[in-house]
Each structure stands twice: as structure tokens, then as C-alpha cells.
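Worksheet: one structure, shown below.
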Protein chains: 2
Amino acid sequence: MSNLSTTSDDILASTRNLLISGGYNGFSYADISEIVGIRKASIHHHFPSKVDLVRELVKRYREDGQASVAVLEQKVPNALDILKAYANHWAACIEDSSRPYCVCAMLASELPSLPTEVATEVTNFFRFISSWLALVMERGSKQGELSLTSAPHVEAETFLATVYGAMLSARAYGKPEVFSMILEPALNRLTPTVSH
Amino acid sequence: MSNLSTTSDDILASTRNLLISGGYNGFSYADISEIVGIRKASIHHHFPSKVDLVRELVKRYREDGQASVAVLEQKVPNALDILKAYANHWAACIEDSSRPYCVCAMLASELPSLPTEVATEVTNFFRFISSWLALVMERGSKQGELSLTSAPHVEAETFLATVYGAMLSARAYGKPEVFSMILEPALNRLTPTVSH
DNA sequence: TTTAAACTACCAACTAGTAGGAAGATAAAA
DNA sequence: TTTTATCTTCCTACTAGTTGGTAGTTTAAA
């Protein structure tokens, strides 16, 4: 049994959890130190400043997302199935309350008050997700796997807004099932009607 | 020219602006005191604690919302026009950056880390908007002013999620026009097709 | 003369961040 | 092989500034 987790990873993991629950100003180095079990000053060794810490977290969050997307695209050929898998990923996270909110949704809502380095990284994340979804929409439309009523990039933004809005609603009501309740008809709308 | 603004109202107004930009933990009594032009301690005279201040703010935010909805319902008979007016309200706020984000969207994302008194008030706000929209959907559907593809309460949640998701996207990209880009097709989808 | 609303002057707790050092591992020079 | 130097990781101890909040006082209007 090897020890694969480094202290730096533990710090990032606890930062992610704290960030998801209370945002950028909702946690401190003291909070992290309690969870990870090292002293405050030791965190500064790994991440000199809070900006460094959160910037790195968001950067990796995007990179991990890009990697997951690559795997998904390889495994699942059908565009509609990709959208369903993406929705199901969040539905599962919210319902088992493992990662019940997106780090970047949290930070995006605080965007005007964030340090610019962090804000830039957050914007980059949304640009990535959005352009990926636009590609999925376009391909799915061409291959008859998706039925679009607007331009692919508009459908992408609509879908993204629905996912993130549903995430917020689930949190606001304290009812995880609200997410799926909203996503199900949204996906149905994109499903092509069977012609015979 | 009478002075209609009280100190207490000034405090609430600056709290709202600070809250919209950085959330519950993103502002302090010192910030408010600088803007309003009174000493920190004087704010405590009007609102003994931060919880009192934000709870009162959210309570009034909901009450103002309920009043606006009542006026809207009286002025605008058609259900689709009501939804359009609601969307236009937010589009205008975002585009002229007067109130570019909803106080309760901000607080809802921080919900798990909020004082329970505030959290309850935030949940109440969403319940109010949601049940109002459900009523609009149901009435509009019955009178042929809206074309629904799901149950009224599901359409209401979908519309709400779209509005709040679009709000987040506009903020994330720093592009106010994204809001209308998303809302336009969402409203089109609810528009009945003219039969002839 | 009572009362509301502002004030000055605090407070303890917490904030991000720094200085400097101890312990161990690694690696290169003797 | 031993010594010396460097690097990593963590530590204790500290700082300057901020946080929400309190105690007691003045001011001005009813």
C-alpha cells in the first residue's frame, strides 16, 4: 500500500471542499491547517499566497476537466449521450453530496471581487466548457444525433446555463432531485424525434 | 426637495451592492461605514449584528419582489408578456450594470456556510419566485398564451434555472449580452405557434 | 426630559503572511 | 566512505491589519 497523496494535494483537496461551501472569502489558511493537520505556516511553503493556492486549484480543475472530456469523447460517440453523461456526472455529485457544486460556479458569482489572476482562470474555465459544448452541439446536429432550434453556440450556452442554474436551484431548495427534474426535459428537447 | 432616504436605507443599499459583488464574507461593517459616511459602531445601532443586517436585506428583497410581481400581474395580462418582462428586467439590470446580479443568487451559492437565519430567508425567496412562475405557467398554458412541453412547475423551475444560469454566464464571461442571447430562444420555445 | 442616532475608544479573535530554525533526505566532493 | 552542502518540509513565534461587536458618551430633535 503506497502513499500516493502528497501534502500539496491534500491542501488542494481541502481548499476545494471549503471553496465549494463558502467561496473565496469563506475560508482561511487556519481552516485548511486544521483539516490537513499541518500548521498554517507550512501551507505557505506549498502555496506562498492565497491567490497562488486558488489560482493553482482552478487551473488544475480546468485541466482535469479537459482530461475527463477527452476520455468521454473517446468512450461515447453519440453527442446526445455525451450531454447526458455530462448531466449525469453533476446529478451524481449533487445527489451523493460528494462535490455538490462547481468550484467555478462558486467563484464566477464572486468574480467582481476576486483577485484578477483567479478571475482570469475562472473565465478560462467557462470558455473551455462553452466551446467544448458548442463543438458537441455542432457535431451532433450534423450527424442527426441532436435536434437544435438555434445555432450550436447558442444551444451550448443555453445548455450550460441550464446545468448551472439547476445546480443553484438544487442548492437553494436543499433538494438534490431538482437538478434532474430540470435536466431531463432539457435533454428531451435536444433528442431527435424518430422518423418512420 | 425632501430627503426621503434614511440612514438605515443607505446602509441596506450599500450592503446590497457589496453583497452583489462579493457575497456574505466579501464585505465588512468597515466597508459600509466608508460608503455611507458614518462610523462602524453607528451601523450596529441600526443593525445589531451582520446576521440582522443581511436577514433584513433579504426579507425586504423578497417583499419588494412580491410587490413588483403584483404590479406586473396587474399591468400585463398575457403570461408570455409577463415572462418577457421578467427577463427584460434582468437583462436591463445586467446591461446597465446597475444591479448586475441577484442578491439571492449570490447568497444561494454560499448557502451551506451561511448563518441559518439568512439561509432560511434565501430559500424562502426562491420558493416565492418558483411558485409565482409556476402559477404564470399554468395560467398561460390554460389560456393558450404559453406552449408548455412539461408540467407547469417543471417549466417554472426550468425557466428560473435558465434565468439564473444566464446571469452567471454573463458574469463569468464579462459579457452582459450573453443573458439575452440565452433568454431569447428560451422565450421563443414557450411562444405558441400561430395556427391558421 | 426623554429618546434616537451618532460618536470615541475600545476589545478579543482572526486574517494573510513573514522570519528563522530544526529535521531529514539527497547528492556531490573529499 | 565520509564529509559537506543543498533542498524539502515542517515547525514555533511573530506581525500588522481586519473582523464583528461592545461600553459609554455626546448631540440634537420631540
Side-chain angles (χ1 to χ4, degrees), chain A residues 2-19 21-58 106-107 110 112-119 121, chain B residues 2-60 103 106-107 110 113-119 121-122:
Chain A
S2 63
N3 181 11
L4 290 167
S5 87
T6 67
T7 302
S8 156
D9 287 342
D10 290 349
I11 294 169
L12 284 168
S14 66
T15 301
R16 192 201 60 197
N17 293 336
L18 290 163
L19 212 44
S21 104
Y24 189 86
N25 294 302
F27 76 97
S28 73
Y29 271 42
D31 296 326
I32 300 169
S33 97
E34 254 185 58
I35 297 167
V36 177
I38 58 169
R39 298 285 162 168
K40 253 179 35 177
S42 307
I43 303 170
H44 284 282
H45 169 75
H46 297 278
F47 303 97
S49 77
K50 198 178 182 180
V51 170
D52 293 319
L53 171 58
V54 178
R55 198 215 290 113
E56 181 66 22
L57 176 75
V58 177
M106 199 73 227
L107 292 171
E110 301 179 295
S113 75
L114 287 183
T116 46
E117 297 108 309
V118 176
E121 215 63 62
Chain B
S2 62
N3 181 10
L4 291 168
S5 85
T6 67
T7 301
S8 155
D9 287 342
D10 290 349
I11 294 169
L12 285 168
S14 67
T15 301
R16 192 203 58 198
N17 292 336
L18 290 163
L19 211 45
I20 286 174
S21 102
Y24 189 85
N25 295 301
F27 76 98
S28 72
Y29 270 45
D31 297 326
I32 300 169
S33 97
E34 254 184 57
I35 297 167
V36 176
I38 57 170
R39 298 285 162 167
K40 251 178 38 175
S42 308
I43 304 169
H44 285 282
H45 169 74
H46 297 277
F47 302 97
S49 77
K50 198 178 182 180
V51 171
D52 293 320
L53 172 58
V54 179
R55 197 213 291 114
E56 181 66 22
L57 176 76
V58 178
K59 202 193 101 196
R60 291 206 195 180
V103 167
M106 200 73 226
L107 292 171
E110 303 178 293
S113 76
L114 288 183
T116 45
E117 296 108 308
V118 176
E121 216 61 63
V122 171

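Side-chain atoms are counted along with the backbone in the values below, which use heavy atoms only and exclude waters and symmetry mates. The sequence lines fix the lettering, A, B, ..., with proteins before strands; numbering per chain opens at 1. Model, not experiment: these values are computed from the prediction.
- Contact annotation: the side chain of Glu117(A) never approaches that of Val58(A) to less than 4.5 Å [non-hydrogen atoms, C-beta and beyond].
- One atom, CD1 of Ile32(A), and another, P of dC14(C), lie 16 Å apart when rounded to the nearest Å.
- Distances shown here put every side-chain N or O of Thr7(A) at or beyond 4.0 Å from the OP1 or OP2 atom of dT9(D).
- Side-chain contact between Val54(A) and Leu107(A): present, with at least one pair of heavy atoms (C-beta onward) separated by less than 4.5 Å.
- Distance, Leu53(B) CG to dT19(D) C1': 15 Å, rounded to whole Å.
- The nucleotide whose nearest atom lies closest to any side-chain atom of Lys50(A) is, among dG20(D), dT22(D), dA16(C), dA16(C).
- Not a single donor-acceptor pair under 3.5 Å links the side chain of Lys40(B) to the backbone N or O of Ser28(B).
- Atom CD1 in Ile38(B) sits about 12 Å away from atom P in dT8(C), given to the nearest Å.
- Of the listed nucleotides (dC11(D), dG21(D), dA9(C)), dG21(D) has the atom at the smallest distance from the side chain of Tyr29(B).
- One atom, CG of Asn25(B), and another, C1' of dC14(C), lie 13 Å apart when rounded to the nearest Å.
- In this structure, His46(A) and Ala30(B) both approach DNA chain D, and ranking their closest nucleotides by distance from the 5' end singles out His46(A).
- Separating the NZ atom of Lys40(B) from the P atom of dA9(C) is a distance of 14 Å, rounded to the nearest angstrom.
- Using a 4.0 Å heavy-atom criterion, one finds that Phe47(A) contacts no nucleic acid atom at all.
- Judged by distance alone, with hydrogens and angles left aside, the side-chain atoms of Tyr29(A) form no donor-acceptor pair with the main-chain N or O of Ser42(A) at under 3.5 Å.
- Contact annotation: Ser42(A) reaches the phosphate of dC11(D) (side-chain N/O to OP1 or OP2, under 4.0 Å).
- The CD1-P distance, from Ile11(B) to dG20(D), rounds to 14 Å in whole Å.
- The separation between Asp31(B) atom CG and dT19(D) atom P is 6 Å, rounded to whole Å.
- Within the 4.0 Å cut-off from OP1 or OP2 of dA6(C), not a single side-chain nitrogen or oxygen of His45(B) is found.
- Residue Ser28(B) places at least one side-chain N or O under 4.0 Å from the OP1 or OP2 atom of dT19(D).
- The local environment of CZ in Arg39(A) is sparse, with at most 12 non-hydrogen atoms from other residues, nucleotides or ligands closer than 6.0 Å.
- Checking dG20(D), dG17(C), dT8(C) against the side-chain heavy atoms of Arg39(B) singles out dT8(C) as nearest.
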